[in-house]
Amino acid sequence: MVNSSEQSVGSKRRVTILGSTGSIGCNTVDLIERHRDSYDVEALTCHRNVDVLIGQARKLKPSFVAVGDESQVETVEDALAGTGIEVGAGREAVIEAAARPADWVMAAIVGAAGLLPTLTAVRRGAMVALANKECLVCAGPLMMAEVAEHGATLLPVDSEHNAIFQVIDHERYDLIDCITLTASGGPFRTFTHAQMTSVTPAQAVAHPNWSMGAKISVDSATMMNKGLELIEAQHLFPVGPERLKVLVHPQSVIHSMVSYVDGSVLAQLGTPDMRTPISFTLGWPRRIAAPSQRLDLATIGQLTFEMPDPERFPCLRLARDALQTGGSAPTLLNAANEVAVEAFLNGRIGFLDIAKVVEDVLNVGELKRLTTIDDVHDVDQDGRRLAKTACERMSRADRVA
Ligand SMILES: NC(=O)c1ccc[n+]([C@@H]2O[C@H](COP(=O)([O-])OP(=O)(O)OC[C@H]3O[C@@H](n4cnc5c(N)ncnc54)[C@H](OP(=O)(O)O)[C@@H]3O)[C@@H](O)[C@H]2O)c1
């Protein structure tokens, strides 16, 4: 994974941020502004949050900005007229942003929509800071093969995988007993099943420790996020699914651990602020300063741990099963989850329906080997279609009741 198209340390790094207007994107922009002399910005992209994009473009002066939703592009063209910044619109423009010559690309688009742009950066051998876990979940084997083929460097941004990346022996997986992904447990960690039946989107997106986009916040609340991370971990650090563990750690101080055959356990710790892992990838292979609050263990006092409850959080089990099954199962799981989370956020299904939709889709979706990105696309579309049908059924049943 660390093939490295190693750009010489000390020279200015040219960077692109895919999804610059989201939570990870804005944190990345924040760090670049703090290290303005070390980075030039090639491209920024958004979907429809054009006001934030315009503000970022004025500050960072990229060569190119892309707006995914074409209906919003005129506002950006008008606002950036005369600045010399090129403006593109639509999916192709987002892909063009990834294709442009940047040494380092932050892949921070949410969901499978980030797959082709991320692959585009991988295919030109770039250093890719990977936040978009869904693209590894839905196309992991193909994506890792492309990373190897094109000599790209994949640097994990997810705090757990970034922690593992920092403490794992990249050469000797045979010396590893297991990898433990820590999980905060989300906002409903202590809720009973009955309490979870009536939780609202506002409650689900209010994560106790991390400030994140809506989709990943809901994924944390269902613990699907940890399931997606198990799949992501298997692609990044292929030690085998049976050696990947999950441990609930509500304080989110230990970001993950690697246990070695001699009994040593190496962990990375820090306060829950994504600017720490992002800065690790932005500076890699050197560290750069990040403004994250410093860790003060004496004030925190206690770190606690518990096993995840598979009864109340079935998404974790569904993701582990999909990982074991392989082939199209993780792609179906991801597509169904994206549709179900959106339906929940729009008030069309209940919180507990998310896992039911995913399970339904995994039960009826076609299981097959995926050999091309077109196969991934087809399975993703099938999963979405099946999930929409399941959501409609559940929302009708809800109205009748
Ligand atoms: N937030 C975190 O702390 C965190 C931690 C670990 C991993 N991650 C992962 O990082 C990724 C981004 O998460 P986030 O929390 O930053 O999400 P977010 O706040 O929702 O931001 C998502 C970004 O993707 C853009 N986008 C959405 N749909 C798009 C589409 N169809 N085409 C092109 N661009 C699109 C959004 O543009 P608009 O703003 O214009 O809608 C925004 O820039 C996710 O895969 C998540 O799992 C996030």
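Along the sequence shown, residues carry numbers from 1. Just follow the structure's listing: the first ligand is 1, and inside any ligand the first atom is 1. From a predicted model like this one, the values you see are computed outputs, not experimental measurements.
- When all heavy atoms of T331 and V376 are compared, the closest pair comes out as CG2-O, 3.8 Å.
- Using the six-membered ring where Trp is involved, F165 and F237 have ring planes that are tilted, between 30° and 60° apart.
- A heavy-atom cutoff of 4.0 Å around ligand 1 is satisfied by the protein residues G19, S20, T21, G22, S23, I24, C46, H47, R48, N49, A108, I109, V110, A113, A131, N132, K133, E134, D158, M212, G213, I216, M274.
- Salt-bridge check for D40 with K12: passed, with a basic side-chain N closer than 4.0 Å to an acidic carboxylate O.
- Ion pairing between a basic and an acidic side chain is recognised when a charged N comes within 4.0 Å of a carboxylate O; R100 and E86 show such pairing.
- Every side chain to side chain contact (heavy atoms under 4.5 Å, CB included) that A319 has, sequence neighbours left out, goes to M224, I231, L333.
- Residues K356 and D360 are not paired through a salt bridge, judged by the lack of any N-O separation under 4.0 Å between the basic side chain and the carboxylate.
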